[in-house]
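Report on the following structure.
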2 protein chains.
Amino acid sequence: MNDHDLKQTIKNIAVDLFNKNGYHGTTIRTIASEAGCSLPMVYYYYTSKKDLFHEIIKVDYFGILKRESERLDSSSMVDFYTNFILNVMHLNSYEKKIYRLGIKVYLSFDGDEELLSLMEAWEASILPRHSAILLPHLKGRADAHIRIRTLMHLLENLIEGIVVKNKVMSEEEIRQEISIVLGGE
Amino acid sequence: MNDHDLKQTIKNIAVDLFNKNGYHGTTIRTIASEAGCSLPMVYYYYTSKKDLFHEIIKVDYFGILKRESERLDSSSMVDFYTNFILNVMHLNSYEKKIYRLGIKVYLSFDGDEELLSLMEAWEASILPRHSAILLPHLKGRADAHIRIRTLMHLLENLIEGIVVKNKVMSEEEIRQEISIVLGGE
DNA sequence: TTCCATATCTAACGTACGTTAGGTATATAC
DNA sequence: GTATATACCTAACGTACGTTAGATATGGAA
């Protein structure tokens, strides 16, 4: 077995177990056992349990966030955001687990202060970024800022439903809800 | 110290620590230490760590949910739901922590299958209950069901923001977002 | 062949966990 | 006085944790 396989296998299993059992409820012994290797092999590839967890969030989770935030292009805002949610829904299983773990940390249900502050920095960037996209399309409507804020809340809930609760929504359902909030732009 | 004080103190501290550190990250030693009693005193009042956790969810959390779902009355739906969110925001600190722990279990970020199935039963009751309230007010609008669904998603996110992330929203902000979704009923 | 880097392991260290055994103290009733 | 119920404790049990020590095996280069 080459180093790439076992190192990645350990991380795959860690992502799964951290999601299911939390950081403290996941033991290195279980990870090693499911990876089919000995306990110190986990330490051969990852400095500590904490470093393994941090790498998943800092590298993998934020990698997904950045990638997803850069891959959209569309003419209409309803399409834009519908596709945004659809892309999340079409992430592969492993990526959804990473995303789910990220949300767990974002809600401060796991992880530590360092990771949480990274999350909060990202969160603070969301509203300005989306406002810049949306305001030109909302044509100086009096309630533009309210709609943007409401949309952010809705998107957050839809993503959470998909990623955390494994909910499945049709494209039509997603489009309808976003349309309600954007109000027939 | 009489039994009521120490038993309740233990639970108060458990709610706080289960929120902060999760079930597995919270030890009986820490609970006892912060309660100012010895370790076996926790067992004097609660059969096991698991029973303590279950009691918090089954008794305290569901107690709050049921109480909150029964205390609303209002003429307009926007007022109705605005008050619903305001009531959540005005829960006391301890109750918010219980609510937060409930959400943690609902998202299956903590707790076990038994608690999760209780959560899912409650969740399944939400949409029918709110549809029964809302449909008469939406006057046969073609998009009534979409609006209801969207509203449920929005409410979920607002509650989570308040309870989990300690966000503060003004009554006006809440009202505005609900109005967007209900569409000037 | 030897040397080095990489991969892998068993065993053990030091610490920590949930829970229980066995005991003491106090208040109340008889 | 004794007996009982309630509240509380120290010490210990049996088990488990994250991590390290020390060793072996393998492959490639010189």
Side-chain angles (χ1 to χ4, degrees), chain A residues 1-60 101 104-105 109-115, chain B residues 1-60 101 104-105 109-115:
Chain A
M1 183 179 288
N2 70 46
D3 67 340
H4 180 74
D5 288 347
L6 182 56
K7 187 177 184 184
Q8 188 61 46
T9 299
I10 287 167
K11 184 183 275 191
N12 292 353
I13 287 160
V15 165
D16 193 47
L17 293 179
F18 285 143
N19 257 303
K20 284 181 188 156
N21 305 316
Y23 179 84
H24 293 292
T26 298
T27 69
I28 303 291
R29 277 167 180 78
T30 308
I31 294 172
S33 171
E34 296 203 4
C37 68
S38 69
L39 187 51
M41 285 313 300
V42 182
Y43 292 95
Y44 183 77
Y45 290 112
Y46 299 98
T47 310
S48 66
K49 186 181 179 184
K50 175 177 170 177
D51 279 353
L52 172 57
F53 193 90
H54 275 218
E55 184 176 311
I56 293 166
I57 300 294
K58 290 178 184 176
V59 177
D60 301 291
L101 196 57
K104 202 175 190 185
V105 172
F109 285 146
D110 220 337
D112 53 33
E113 282 298 316
E114 183 193 339
L115 295 178
Chain B
M1 184 180 287
N2 72 45
D3 67 340
H4 180 75
D5 289 346
L6 183 57
K7 188 177 185 183
Q8 187 60 45
T9 298
I10 287 167
K11 185 184 273 192
N12 293 351
I13 287 160
V15 166
D16 193 47
L17 293 178
F18 285 143
N19 257 302
K20 285 182 187 154
N21 304 315
Y23 179 85
H24 294 292
T26 297
T27 69
I28 303 291
R29 278 168 179 78
T30 309
I31 293 172
S33 171
E34 296 203 6
C37 68
S38 71
L39 187 50
M41 284 313 301
V42 182
Y43 293 94
Y44 183 77
Y45 290 111
Y46 298 98
T47 311
S48 66
K49 185 181 182 183
K50 176 177 169 175
D51 278 355
L52 172 57
F53 194 91
H54 275 219
E55 185 177 309
I56 293 165
I57 299 296
K58 290 177 183 176
V59 177
D60 301 290
L101 196 58
K104 202 175 188 184
V105 172
F109 286 146
D110 219 337
D112 54 32
E113 283 298 317
E114 183 193 338
L115 295 178

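Below, read A as the first sequence line, B as the second, and so on, with proteins coming before strands; counting in each chain starts at 1.
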Please pick, from C/dC17, D/dA7, D/dG18, the nucleotide with the shortest atom-to-atom distance to any side-chain atom of A/Arg29. D/dG18
Mind checking whether A/Lys49 and A/Tyr23 have side chains closer than 4.5 Å, heavy atoms only? yes
Of the candidates D/dC8, D/dT20, D/dC9, the side chain of A/Tyr43 sits closest to D/dT20
Taking only N and O in the side chain of A/Tyr44, is any of them less than 4.0 Å away from OP1 or OP2 of C/dC9? no
In this structure, how many angstroms lie between the C1' atom of C/dT19 and the NZ atom of B/Lys50, rounded? 16 Å
Send over the distance from A/Tyr45 OH to D/dT19 C1', rounded to a whole Å. 18 Å
Note: B/Glu114-B/Lys58 ion pair, threshold 4.0 Å (strictly below): yes
Between C1' of D/dT10 and CE of B/Met41, the distance in whole Å: 14 Å
Using a 4.0 Å heavy-atom cut-off across all strands, classify B/Thr26 as base, sugar-phosphate, or nothing. sugar-phosphate
Quick note, A/Leu39 side chain, CB onward, closest among D/dT19, C/dT20, D/dA7 is D/dT19
Drop me the distance from A/Met41's CE to A/Tyr46's OH, to the nearest 0.5 angstrom. 11.0 Å
Whole angstrom value for the distance that separates C1' of D/dC9 from CD1 of B/Ile10: 13 Å
Picking from D/dG18, C/dC17, D/dC9, which would you name as closest to the side chain of B/Thr27? C/dC17
Evaluate the side-chain proximity of B/Asp110 to B/Phe18: yes if any heavy-atom separation is below 4.5 Å, no if none is. no
Roughly how many Å is it from CZ in B/Phe53 to P in C/dG18, rounded to a whole number? 14 Å
Euclidean distance, atom CD1 of residue A/Ile28 to atom C1' of D/dG18 [Å, nearest integer]: 7 Å
Please give, in whole Å, the distance from C/dG18 P to B/Leu52 CG? 11 Å
Rounded interatomic separation in angstrom, taking NE2 from B/His24 and C1' from D/dA16: 13 Å
Between C/dT10, C/dA7, C/dT19, which nucleotide has the shortest distance from any of its atoms to the side chain of B/Lys49? C/dT19
Out of curiosity, A/Tyr43 OH to A/Ile28 CD1, how far, rounded to the nearest 0.5 Å? 4.0 Å
